[in-house]
Amino acid sequence: MLKHPILSPCSMENSIFLSRQALSRGSEAQRFKIGIPMSSDSSQEEHELIAVRKAKLDKLRVEGAAFPNDFRRSHLSASLHLEFGDVTKESLAESNVSAQVAGRIVLKRIMGKASFLTLQDGAGRIQLYVTEKSLGSADYDAFKSLDIGDIVGAIGVLMKTMKGELSLAADSVRLLTKSLRPLPEKHKGLTDTETRYRQRYLDLMVNEDARETFVRRAQITDSIRRFLMDRDFMEVETPMMQSTPGGATATPFITHYNALDVDMFLRVAPELNLKRLVVGGFEKVFEINRNFRNEGMSTKHSPEFTMLEFYWAYADYQDLMTLTEDLFRAAAQRVLGRLDFTYQGKELDFAPNFPRLTMEQAIITYVESVEFDDIASLSQAVATAERFNIEVPDHWGLGKVHLALFEALVEDRIEQPVFITQHPIEVSPLARRSDENPELTDRFELFVMGKEIANGFSELNDAEDQAERFRAQVAARAAGDSEAMYFDQDYVTALEYGLPPTAGEGIGIDRLVMLLTDAASIRDVVLFPHMRPKT
RNA sequence: GGGCCGUUAGCUCAGCUGGUAGAGCAGUUGGCUUUUAACCAAUUGGUCGAUGGUUCGAAUCCAUCACGGCCCA
């Protein structure tokens, strides 16, 4: 059997060691030797709960390896439950199955000469049954001083308790990592949002929901990768730092590249680089990665967020919409096993095809008091906007007024998935003009539960038109629009070599994850949301 | 940036119209050989977010600031 500090039999000697240290602070030499900085808090009182645990750790240090890394496990908790959960108490006793498990102590129930521990590992929980008889009295005494939060390894034989819970009757319990800080409260867990975000590891340790959310997030990105790769899309990585930010109307973060001595921008979108790849001949590409937009944060917006962008040559925006429906269904099926589910108390269903409405149709459909004639011409639309107290600058065209009406009156009211199509050209500087109306584009945005989740369009591949659109953006920037795009000459040059007819789309992964994990805030689906540093 | 709400023990929370701080969990000590948020008994633990002000007296009232949440822009 493995020897280990905490269960070494000489408890008398140990207590002598402890008191010697207490006199001379003898563990300091030990700490120095192994390179642990002396705590600078000699003037400052350490919290009693931590001091007690550090004293336990000090005892381990003098006894030998306090942080062993030679314990190996034979099973995860979940695999034990899977394999033996249904085996009866009697046949489990007969078969005498031994196992080695390891994990964090999350609950402990010490009842005299017998005890139960609940161990949590990466896959779930398993109960340990520990008796004085199986460990011996010295080891059992040491065992009793283990704290909730400690990481232990246990070797034993599987059993079922009177109540039928699968447990490991341990022959040895070995401390692998001493936890120096108390865990959050055992039933209510950790609820303080600030601490959950700042110390996400605690959230993950004690809140099953939080773990579940991030497991699902990983499943969603995995299902998307499979979905696209099954359709012969190739995953690529393009620069996070760009000398000309492009691909979206947004304010960029600025940084400095010392080696080149130039200011660079964190990308607001990978769009232009991905289309350069299509020009180069990679006809189906995608990237799942971060974008950075130097803007406010809210429950729907994170300045650093994850986007899927993909480009598909010889396809148009209608093809994208169909693909998007299938992609959403694949993701829901993967994480939920179904296509209908609830989000914040409301029923959502990805099974029916998502309606495709032009912006104009959407306004008429969602706003009862607005008829076709109320928004058909610029003057009518402006009058309607004024009726709803929406400010309309003089130079706006019909499309922008429609957009303003849509944003003010429709967006928040959308629940079930809807594609809104035919965006005005002024707000779509990279999208192909509609053949029916050159003021509109072959573009869509997908809205679900009031949130824009996806944005796609047939790509503008007319280099001269693109140059014209960039010039309009530069003019808007000069007029004070800090979100307007920069003129990207190299991109125009690429288009001049010829971009095949292509469709491209971005999908906000965080928002999709919110839907599929029933998260109210984007921070709940980001592992480490940005916070103002604590003073 | 604006509005509302919050900040009290390691965690989860009480604390009334101002009188000097409480519970549960965790910790410590003792008891307990099949528990399930184990239980029973005792017990330790607080710069009440910070700074000013009002007051004989402030966790409580007022102001400013910090951090966070929600809503709005």
Side-chain angles (χ1 to χ4, degrees), chain A residues 15 18 44-57 77 81 89-90 92-93 104-120 124-137 140-141 143-150 156-170 178-203 205-208 295-302 344 389-391 404 407-408 411-412 450 483 519-524 529-535:
Chain A
S15 57
L18 245 193
Q44 193 186 334
E45 279 299 307
E46 190 162 62
H47 195 281
E48 178 202 339
L49 294 175
I50 295 175
V52 167
R53 287 171 178 236
K54 282 196 173 173
K56 291 177 182 177
L57 175 60
S77 59
H81 288 296
K89 182 172 164 66
E90 292 71 27
L92 198 56
R104 191 182 293 277
I105 299 172
V106 290
L107 289 172
K108 82 181 196 194
R109 297 174 287 283
I110 289 179
M111 310 169 302
K113 296 185 169 61
S115 300
F116 290 93
L117 285 190
T118 303
L119 227 60
Q120 179 169 291
R125 292 180 170 194
I126 184 78
Q127 180 169 262
L128 302 186
Y129 177 61
V130 183
T131 62
E132 187 182 64
K133 200 172 161 194
S134 63
L135 293 194
S137 66
Y140 189 72
D141 282 348
F143 159 83
K144 283 197 287 188
S145 73
L146 291 173
D147 290 298
I148 289 178
D150 287 352
V157 175
L158 290 180
M159 59 167 271
K160 282 213 169 165
T161 63
M162 311 275 268
K163 296 281 169 62
E165 178 164 350
L166 182 67
S167 307
L168 185 74
K178 184 68 197 166
S179 171
L180 297 177
R181 289 175 182 270
L183 253 49
E185 210 257 2
K186 69 184 178 190
H187 6 113
K188 303 247 167 118
L190 180 68
T191 61
D192 181 71
T193 37
E194 186 172 351
T195 311
R196 290 208 301 118
Y197 296 155
R198 287 190 195 274
Q199 292 177 276
R200 181 68 86 183
Y201 46 88
L202 287 179
D203 189 29
M205 239 181 254
V206 302
N207 291 329
E208 172 68 27
E295 293 156 5
M297 49 212 299
S298 74
T299 47
K300 291 191 230 179
H301 297 85
S302 169
Q344 302 292 297
N389 293 319
I390 300 165
E391 265 186 63
E407 287 178 347
E411 209 173 301
D412 290 342
E483 295 193 341
S521 169
I522 196 168
R523 290 187 195 87
D524 292 328
H530 294 299
M531 307 282 277
R532 199 181 288 274
K534 226 171 176 175
T535 47

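Chain naming here is simple, since letters A, B, ... match the order of the sequence lines and numbering starts at 1 in each.
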Separation of atom [atom1] in [X] from atom [atom2] in [N], rounded to whole Å:
X	N	atom1	atom2	result
Gln199(A)	G68(B)	CD	C1'	14 Å
Leu190(A)	C13(B)	CG	C1'	14 Å
Leu107(A)	C11(B)	CG	C1'	14 Å
Glu407(A)	C72(B)	CD	P	14 Å
Met205(A)	G10(B)	CE	P	18 Å
Glu194(A)	U8(B)	CD	P	10 Å
Ile522(A)	G69(B)	CD1	P	13 Å
Asp192(A)	C13(B)	CG	P	8 Å

So, does [X] get its side chain near the phosphate of [N], meaning an N or O under 4.0 Å from OP1 or OP2?
X	N	result
Thr191(A)	C13(B)	yes
Arg523(A)	C70(B)	yes
Ser521(A)	C70(B)	yes
Arg532(A)	A66(B)	no

Looking only at atom [atom1], what distance separates [N] and [M], rounded to whole Å?
N	M	atom1	value
A21(B)	G45(B)	C1'	13 Å
A38(B)	G24(B)	C1'	15 Å
U20(B)	G15(B)	C1'	13 Å
U29(B)	U44(B)	P	15 Å
C11(B)	U17(B)	C1'	32 Å

| note | By nearest-heavy-atom nucleotide on RNA chain B, the more 5' of Asp524(A) and Gly296(A) is Asp524(A)
| said: Main chain of Val106(A), side chain of Thr118(A): is a donor-acceptor contact present, judged purely on distance under 3.5 Å? | reply: no
| said: At 4.0 Å (heavy atoms only), tell me whether Thr299(A) reaches a base, stays on the sugar-phosphate, or touches nothing. | reply: sugar-phosphate
| Counting any heavy atom closer than 4.0 Å, what does Arg198(A) reach on the DNA or RNA strands: base, sugar-phosphate only, or nothing? | sugar-phosphate
Residues in side-chain hydrogen bond (donor to acceptor under 3.5 Å, both in side chains) with [X], at least two apart?
X	value
Arg104(A)	none
Glu132(A)	none
Glu208(A)	Arg211(A)
Glu185(A)	His187(A)

| task | Based on the glycosidic angle (syn within 90° of 0, else anti), state the conformation of U20(B). | result | syn
| Residues forming a salt bridge (Lys or Arg N to Asp or Glu O under 4.0 Å) with Glu48(A), sequence neighbours excluded | none
| task | Please check if atom NZ in Lys144(A) has more than 12 non-hydrogen atoms from other residues, nucleotides or ligands closer than 6.0 Å. | result | yes
| How about Lys133(A): does its NZ atom have over 12 heavy atoms from other parts shown lying under 6.0 Å from it? | no
Could you let me know what [N] is paired to, Watson-Crick or G-U wobble, both distances under 3.5 Å, or none if it's on its own?
N	result
A66(B)	U7(B)
U43(B)	G27(B)
A58(B)	none
U36(B)	none

| query | Tell me, for nucleotides 25-35 of chain B in 5' to 3' order, what letter each nucleotide earns: B for a base near a protein heavy atom under 4.0 Å, S for only sugar-phosphate near one, - for neither? | reply | BBSS---BBBB
